[in-house]
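Note that ligands are numbered from 1 as they come in the structure, with each ligand's atoms numbered from 1 the same way.
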Amino acid sequence: MKRSIATIALSLTVAVTGAPAFAQSADPGKIAELQRTLAGNQKARPSGAKGQCFTGTFTPAAEAVGLSKSAIFAKTSRVLARLSVGGGNPKVADATKAVNRGLSFRIDNGGSAETEFVMVNAPINFVKSPDQMLAFLQARLPGADGRPDADKIKAFTDANPETTAQGRYLAGKPVPGSWVGVSYWGIHGYTLTNAAGVTRLVKFKMVPVGGEVGLTDDEARGKPADFLVDDMKARIGASTAAFDMIVVFGRPGDEATNATQQWPDEDQRPTTRLGRLAITALEKNETCDERIFDPLNLADGVAGPTNDPLFTARQPAYAASFGQRN
Ligand code: HEM
């Protein structure tokens, strides 16, 4: 049954206000549904709609074993990865500055230790909670004239100024000239637990082995709409089609559950390299489309922030989106 935008918006409001048990957490399935509505109800993902599937390998660094007992750090594993361009438009030009780039990957060392990360090329997210995400989307619903209401968006932004920080971060950086020429962040505070039971708070970051590849705005304007896949075809096989996985360590008092903020002096803190992700071949997109990349799927020894409703909403939102796009 088709429902109008107004009906969806109304049912979303009811879902939020009428959920006494967990009032701080909007229904992830409804969020995904609203994302899809705003993206024009197409078959593609409503976020990271444009992308390419790849295979690769993850080779752990010796230091990783002392920090995490996860089996992904025991030996080299195979990887399925998807590199994407943010937003719900599957035809977005690859050189668009205002949207993020995504790196999703599943490390699989034989079935017992699948671990998945879904990262973007910014250290912060644009919302800190499912409720704020829902309100962000609702503010962008078209009005009676079928167009977004600039006043409504401004009122939301004025009341939620932190939701502009990710956009400002991206606007201040060069346009990525390659999917493997930019850093990606896990954003959430994760914990690593080693065999002795010692647990450390960390943030994950994937750093391009070949360094940053950035385009000026002029260079970006000259790029073909789909240059990122061609760039990958040219780079695969070279040592630079790879990322180092590093962790930044948390300190007592660090906020682990506000994805719109970095930790104080996060970029200056000591880091440890946990391994290297190499992208080794293009894969047909159907392989990446037949399951979600699931941020909750973490082998023992790596854990996400289960007290952060933004983190825990992601898997159910992706699962709902998977159902809606199939
Ligand atoms: C409540 C918070 C969030 C919601 C509701 C949400 C929702 C979604 C949905 C519905 C999809 C499409 C999934 C699919 O159809 O397979 C998606 C994809 C994606 N999201 Fe999120 N998201 C959230 C937070 C985040 C955060 C914090 C990040 C970055 C750290 C992120 C990065 C991505 C990426 C990279 C993709 C593309 C996945 C792929 O390549 O398959 N999302 N998101």
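Taking every non-hydrogen atom of I31 and a distance limit under 4.0 Å, the qualifying atoms of ligand 1 come out as 5 (C). Interface atoms of ligand 1 facing F293, defined by a heavy-atom separation under 4.0 Å, are 41 (O). Shown in contact with A317 at under 4.0 Å from a heavy atom are these atoms of ligand 1, numbered in order with element: 5 (C), 10 (C). Atoms of ligand 1 lying under 4.0 Å from any heavy atom of I187, numbered from 1 in the order shown and given with element: 30 (C). Below 4.0 Å from some heavy atom of P46 lie the following atoms of ligand 1, by number and element: 10 (C), 12 (C). Taking a cut-off of under 4.0 Å to the non-hydrogen atoms of R325, the atoms of ligand 1 that pass are 14 (C), 15 (O), 16 (O).
Taking 2.8 Å as the criterion, Y318 counts as a coordinating residue of atom 21 (Fe) of ligand 1, since one of its N, O or S atoms falls below it.
Contact analysis puts H188 in contact with ligand 1, with a non-hydrogen atom separation below 4.0 angstrom.
Geometrically, ligand 1 and R82 share a nitrogen or oxygen pair separated by less than 3.5 Å. Polar contact check, S84 against ligand 1: no nitrogen or oxygen pair lies under 3.5 Å apart.
Figure legend: cation-pi geometry between R140 and F136, with NZ or CZ positioned under 6.0 Å from the six-membered ring centre and within 45° of its axis. For the pair R78 and F58, the NZ or CZ position fails the cation-pi test of under 6.0 Å to the six-membered ring centre and within 45 degrees of the ring normal. Within the cation-pi definition used here (under 6.0 Å to the ring centroid, within 45° of the axis), K203 does not qualify as a partner of W185. For the pair R82 and F105, the cation-pi test (distance below 6.0 Å, angle within 45°) is failed.
If you check which protein heavy atom lies closest to atom 4 (C) of ligand 1, you get M133 CE, 3.6 Å. Ranking protein heavy atoms by distance to atom 15 (O) of ligand 1, first place goes to S321 OG, 2.5 Å. Counting protein heavy atoms only, atom 2 (C) of ligand 1 is closest to L310 CD1, 3.5 Å.
Contacts between S47 and ligand 1 below 4.0 angstrom, taking non-hydrogen atoms only, involve backbone and side chain alike. With a 4.0 Å heavy-atom cut-off, ligand 1 is reached by the backbone of V118 and by its side chain too. Contact annotation: for M119 versus ligand 1, heavy atoms closer than 4.0 Å belong to the backbone alone.
Looking at Q52, R45, R314 and measuring to atom 3 (C) of ligand 1, the nearest heavy atom belongs to R314. When G48, A81, S104, S129 are checked for heavy-atom proximity to atom 38 (C) of ligand 1, S104 turns out nearest. Of the candidates E33, Q35, K30, R291, the one placing a heavy atom closest to atom 10 (C) of ligand 1 is Q35.
Taking the centre of each ring, F126 and Y169 stay at or above the 6.0 Å mark. In summary, the aromatic rings of Y190 and F311 are positioned with their centroids under 6.0 Å apart.
T115 places none of its side-chain heavy atoms less than 4.5 Å from the side chain of R106. Within the 4.5 Å cutoff, side-chain heavy atoms of W179 are placed close to those of Y184. The closest side-chain heavy-atom distance from V247 to L274 is below 4.5 Å. Within the 4.5 Å cutoff, the side chain of D108 has no heavy atoms near those of the V79 side chain.
Within a 6.0 Å radius of NZ in K97, other residues, nucleotides and ligands contribute more than 12 heavy atoms.
For the side chain to side chain contact (heavy atoms under 4.5 Å, CB included) with F54, the lone residue among V180, T280, L83 that qualifies is L83.
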